[in-house]
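In what follows, chains carry the letters A, B, and so on, assigned in the order in which the sequence lines appear, proteins first and then strands, with residues in each chain numbered from 1. Only this structure's heavy atoms are used, side chains among them; waters, hydrogens and symmetry mates stay out.
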Amino acid sequence: MSQNVRVRFAPSPTGKLHIGGARTAIYNWAFARANGGTFILRIDDTDPTRSTEENTQIILRAMRWLGLDWDEGPEVGGAAGPYAQTERLPLYREAAERLLAEGKAYPCFCTPEELEADRRAAKERKDPFQGYQRRCRNIPADEARARMEAGEPYTIRIKVPEDRGDVVINDAVHGTVTFAAKELDDFVIFRSDGTPTYNFATVVDDAAMGITHVIRGDDHLSNTPRQVMVYEALGAPVPVFAHISMILGTDGKKLSKRHGATSVEEYRDAGYLSDAFVNYLSLLGWSLDGETTIIPRDVLASRFSLDRISKNPATFDPKKLDWMNAEYINAMTNDEFIEKLLLPALVQQGLMDADPAVGVDGAWMDKLAAIVKPRTKLAGDIAGICAPIFATASSLVYDEKSVAKGLAKDGMGTILDAARVALGTLPADEWEAAKIDAALEPLPDALELKKRVVFQAVRVAVCGNLVSPPLGETMELIGRDDCMARIERARTMAL
RNA sequence: GUCCCCAUCGUCUAGCGGUUAGGACAUCGCCCUUUCAAGGCGGUAACACGGGUUCGAGUCCCGUUGGGGGCACCA
């Protein structure tokens with residue numbers, strides 16, 4: 001890539017940043033980074049009725065969370081600004097007037113009704129060409145000017161050159177795509193209300209901003225020949241296109257609200273790690289080598305390439321995302337885990353003082369992290385795992401089913417009594433996992449019961465649940481006195 | 001309707017004329033184990049269909065079927 005790569009992500013602030021948009025942003029960003037290029041963020045808000053400032057902020061926030069830093073765009077500025085289309089209106093007008101003056105575009109006075117009638121007629125006579133019938137294309141220039149000056153409403157249409165042959169697009173992912181010349185339409189570039197249409201504004205901007213590669217969704221592929229017409233009329237070089245396939249829901253249908261979470265912020269709030277999320281999304285339609293699945297963002301930023309983008313539409317698989325998130329969590333050091341996930345979760349649950357300096361025993365915290373980390377798939381799991389540990393003998397919530405299955409049975413009281421005695425021999429300063437385990441270890445034989453039954457009973461007594469992290473570790477963290485008190489309390493539930 | 005795109009395990013994909021069709025998620029089994037995780041080992045599972053081209057086709061060509069997208073004074 002010898003030229004200076006300039007790419008852009010240009011979302012419309014008509015909604016939140018969704019998964020598909022996020023992936024497009026990631027690809028653009030990664031491509032720029034891998035080629036020492038410039039990544040531009042532009043807000044395509046030419047549709048004032050659906051665009052909102054609030055959505056723009058949501059998108060910027062999502063981009064920051066994803067860690068996709070832009071070199072030019074809102075808040076950082078740049079030489080090619082401004083970076084919101086509503087602030088570039090004069091540029092579009094200027095460009096349209098130039099095309100008008102050069103005879104590369106013309107005013108169209110057709111009313112919506114006339115156009116609709118033409119469309120219907122074309123459909124009825126099964127005309128292979130269903131586009132604009134070019135009624136106004138040959139109105140003499142002076143007549144057109146007179147009607148415009150008289151205040152007659154008009155749109156501006158691009159004039160597809162008579163001799164323009166087929167439009168051949170060389171797409172970086174699809175290869176050569178040909179659109180027949182007869183399909184080309186004199187489409188509207190300026191509305192009668194004086195605003196530019198998307199296909200025009202985008203090209204004017206991309207040309208003005210020197211965009212070299214347009215990486216965007218497949219849904220724009222059919223628009224591309226139209227846009228090529230604009231580039232040519234403008235006399236601007238046509239960029240390289242890379243059309244990436246859509247992301248589908250688990251049912252193979254286009255991703256929508258009914259597939260559950262579709263916006264980036266929902267994933268952020270659900271407790272996914274930005275790194276894992278970006279890694280997962282980058283692999284939806286791209287591969288490094290077909291083998292590697294864990295791809296840290298710095299590798300993505302150095303190894304991303306257009307030629308390894310897949311043509312297939314991809315189905316979003318939440319299960320794999322979950323796995324990847326757990327993978328990233330597990331790869332964290334204990335300290336990282338404590339700082340980024342454990343502490344914040346505990347503080348949020350009110351289990352810990354907001355001031356991290358208060359009441360945190362480093363060694364204790366490290367042991368907690370060691371048992372919580374491998375059990376955490378999502379940040380949201382932490383509170384549930386920690387709850388029994390942070391409870392007290394009186395506040396601990398006993399799970400009904402667990403009590404019924406593991407505690408409220410004949411002979412269980414005997415187990416608790418034996419456990420209390422065994423643990424009672426352990427001095428407070430020797431209350432550690434290995435010694436707790438050792439103290440409990442002879443019980444099954446002594447009581448002539450299965451290991452499982454014995455430990456189940458103690459587990460439910462101490463943790464309130466049949467499921468918990470390893471007993472010894474857990475009991476060490478809970479502390480001697482509280483464990484004894486819990487067993488005491490549980491004794492009343494056992495028979 | 002018309003134009004364009006797409007087609008390998010359930011899912012994401014590797015493959016770029018000769019492979020026991022590879023990896024990952026999911027799933028199943030085993031090991032570890034006092035429960036749950038984590039980890040280790042192993043299994044099930046795919047070239048949509050039909051024609052060509054070729055000594056040889058998952059790979060190239062055509063068609064069919066099936067999905068998706070565009071065809072607006074929406075982006």
Side-chain angles (χ1 to χ4, degrees), chain A residues 10-12 14 44-47 49-51 85 108 110 112 115-116 119 123 126-132 153-157 169 171 173-174 177-180 182-183 185 187-193 195-199 201-202 217-226 243 245-246 248 250 252-254 280 283-294 308 310-324 326 330 371-377 381 385 402 406 437 440-441 444 450-460 463 465-472:
Chain A
S12 295
T14 54
D44 278 8
D45 53 358
T46 43
D47 181 2
T49 56
R50 294 194 297 152
S51 299
Q85 291 192 321
C108 168
C110 295
L115 294 172
E116 181 53 36
R119 254 194 298 272
K123 202 169 182 180
K126 297 209 165 83
D127 191 325
F129 181 71
Q130 304 268 326
Y132 177 59
Y154 66 95
T155 60
I156 300 175
R157 289 183 181 272
I169 292 153
D171 190 280
V173 348
H174 293 282
V177 183
T178 307
F179 294 86
K182 63 175 162 65
E183 303 296 331
D185 188 17
F187 67 97
V188 173
I189 59 172
F190 244 82
R191 303 184 188 103
S192 54
D193 66 356
T195 59
T197 59
Y198 165 78
N199 280 128
T202 300
D218 239 353
D219 47 340
H220 290 286
L221 187 51
S222 299
N223 280 328
T224 308
R226 263 189 269 282
H243 286 99
S245 62
M246 318 247 74
L248 310 175
T250 326
K253 296 264 158 56
K254 195 176 169 184
Y280 176 72
L283 247 21
L284 227 47
W286 175 80
S287 63
L288 180 59
D289 53 19
E291 306 281 295
T292 315
T293 47
I294 299 298
R308 290 199 67 87
S310 159
K311 296 192 249 209
N312 310 11
T315 302
F316 186 83
D317 179 8
K319 287 249 184 70
K320 191 159 185 175
L321 207 212
D322 286 351
W323 166 80
M324 193 163 286
N330 244 321
I371 64 171
V372 176
K373 189 159 66 105
R375 291 172 175 74
T376 306
K377 268 193 155 45
D381 300 340
I385 299 169
S402 295
D437 284 335
L440 259 17
E441 205 257 313
K450 282 187 185 157
K451 265 184 167 182
R452 189 189 170 96
V453 174
V454 173
F455 284 95
Q456 256 182 351
V458 179
R459 184 183 312 283
V460 175
C463 300
N465 203 292
L466 234 24
V467 174
S468 85
L471 250 189

Visitor: Would you say the base of U34(B) stacks on Phe455(A) (centre-to-centre below 5.5 Å, plane angle below 30°)?
Guide: yes

Visitor: What distance, rounded to whole Å, do you find between the two C1' atoms, one in U20(B) and one in U53(B)?
Guide: 27 Å

Visitor: Could you give the distance separating C61(B) and C41(B) at their C1' atoms, to the nearest angstrom?
Guide: 45 Å

Visitor: NZ/Lys320(A) to OG1/Thr315(A) distance, rounded to the nearest 0.5 angstrom?
Guide: 12.5 Å

Visitor: Which listed nucleotide (A38(B), A26(B), U13(B)) is nearest to the side chain of Asn330(A)?
Guide: A38(B)

Visitor: If you pin Val173(A) and Gly290(A) to their nearest nucleotides in RNA chain B, which one's is more 5'?
Guide: Val173(A)

Visitor: Got a sec, which residues hit side chain to side chain contact (heavy atoms under 4.5 Å, CB included) with Thr224(A), two or more places apart in sequence or on another chain?
Guide: Ile169(A), Arg216(A), Leu221(A), Val228(A), Phe241(A), His243(A)

Visitor: Between C49(B) and U8(B), how far apart are the P atoms? Round to whole Å, please.
Guide: 11 Å

Visitor: Would you tell me whether Ser468(A) and Asn465(A) have side-chain atoms, one donor and one acceptor, within less than 3.5 Å of each other?
Guide: no

Visitor: Distance check, C1' atoms only: G39(B) and C32(B), in whole angstrom units.
Guide: 8 Å

Visitor: Among A38(B), A24(B), A75(B), find the nucleotide with the atom closest to the side chain of Asp44(A).
Guide: A75(B)

Visitor: Would you say the base of A7(B) and the side-chain of Lys311(A) have a donor-acceptor pair closer than 3.5 Å?
Guide: no

Visitor: At under 4.0 Å between heavy atoms, how does the protein contact nucleotides 64-71 of chain B? Give one character per nucleotide, 5' to 3', with B, S or -.
Guide: ----SBSS

Visitor: Using Watson-Crick or G-U wobble geometry with both distances below 3.5 Å, tell me the partner of U11(B), or none.
Guide: A24(B)

Visitor: Picking from A75(B), C73(B), C36(B), which would you name as closest to the side chain of Pro470(A)?
Guide: C36(B)

Visitor: Could you please name the option among A75(B), A26(B), U34(B) that lies closest to any side-chain atom of Tyr198(A)?
Guide: A75(B)

Visitor: How far, in whole Å, is A45(B) from C28(B) if one measures between their C1' atoms?
Guide: 11 Å

Visitor: Taking atom P in both U27(B) and C36(B), compute the distance separating them and give it to the nearest angstrom.
Guide: 15 Å

Visitor: Given A38(B), A14(B), A24(B), identify the nucleotide with an atom nearest to the side chain of Arg308(A).
Guide: A14(B)

Visitor: Do you see a donor-acceptor pair shorter than 3.5 Å between the side chains of Asn199(A) and Thr197(A)?
Guide: no

Visitor: As a test of reading the structure: which of C73(B), C36(B), A24(B) is closest to the side chain of Val467(A), going by heavy atoms?
Guide: C36(B)

Visitor: For nucleotides 41-48 of chain B, tabulate all protein N/O to nucleotide N/O atom pairs closer than 3.5 Å, reporting atom names and distance.
Guide:
none

Visitor: Can you check the distance between G68(B) and C73(B), where both ends of the measurement are the P atom (answer in whole Å)?
Guide: 25 Å

Visitor: By nearest nucleotide on RNA chain B, pick out whichever of Lys377(A) and Ser245(A) is the more 5' one.
Guide: Ser245(A)

Visitor: Could you tell me the separation between the OG1 atom of Thr292(A) and the CG atom of Leu283(A), rounded to the nearest 0.5 Å?
Guide: 9.0 Å

Visitor: Can you tell me, in whole Å, how much space there is between the C1' of C25(B) and that of A14(B)?
Guide: 15 Å

Visitor: Which nucleotide sits closest to the side chain of Leu284(A): C12(B), A26(B), C5(B)?
Guide: C12(B)

Visitor: Starting at CE of Met324(A) and ending at P of A24(B), how long is that distance when rounded to a whole Å?
Guide: 12 Å

Visitor: According to the Watson-Crick and G-U wobble definitions, with both distances under 3.5 Å, which nucleotide is paired to U64(B)?
Guide: A48(B)

